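Everything quoted here is computed from the prediction, not taken from an experiment. Both counts, for ligands and for their atoms, begin at 1 and track the order of listing.
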Amino acid sequence: MSEEITVALGADHGGFALKEEVKRYLREHAYQVLDCGAFSPEPTDYPPYGKKVAECVASGKAQKGVTICGTGIGMSIAVNRVPGIRAALCTDSFMARLARAHNDAQVLALGARVVGTGLALDILAAFLGTDFEGGRHDRRICQLDQAE
Ligand code: RB5
């Protein structure tokens, strides 16, 4: 299953190093990676990278996205501005599982200054390994879409 999934990645300087770790993990686990930058740890702004990742998912170029900044907050706000795209800022794997199972989040936001690499990869594995449950949650996602 994983070889058919493309994951778009985006980070600012605060998330650059963790993005590189996430990229390595994804490739080792046979995911396709679409790196939207940043491509260096030089200081930069997070909104354009969040937007790029969200647009990759919205257009179908990627099925999932991971965005990383210092806290994950700015990136999650940026991604959630794109219609139809749901980003979830997760600090543990329980949140990541429910972000998928209940919220059908397509984009995981991580805070590189909040979680270490080991925890981040654990969160990522939970996110990618959980399917949307549908049912009553589908109705709620429809309500979110209608509110846009
Ligand atoms: C950059 O210093 C920092 O503000 C950014 O990475 C992020 O945490 C914003 O939400």
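Residue pairs meeting the ring-ring contact (aromatic ring centres under 6.0 Å, His included) criterion with at least one member in residues 128-148, sequence neighbours excluded, are H102-H137.
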Please tabulate, one pair per line, all N/O donor-acceptor pairs under 3.5 Å involving side-chain atoms of residues 65-78, not counting sequence neighbours.
residue	atom	partner	partner atom	Å
T71	OG1	I73	N	3.0
S76	OG	G72	O	3.2
S76	OG	I73	O	2.8

Donor-acceptor pairs under 3.5 Å, side chain of residues 38-50 to any protein atom, not counting sequence neighbours: which ones?
residue	atom	partner	partner atom	Å
S40	OG	E42	N	3.1
T44	OG1	Y49	OH	3.4

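Between R100 and F127, the closest heavy-atom pair is CG-O, 3.0 Å.
Protein residues with any heavy atom under 4.0 Å from ligand 1: D12, H13, Y46, C69, G70, T71, G74, R113.
Within a 6.0 Å sphere centred on NZ of K23, heavy atoms belonging to other residues, nucleotides or ligands number more than 12.
In summary, R24 and E21 engage in a salt bridge, as defined by a charged side-chain N under 4.0 Å from a carboxylate O.
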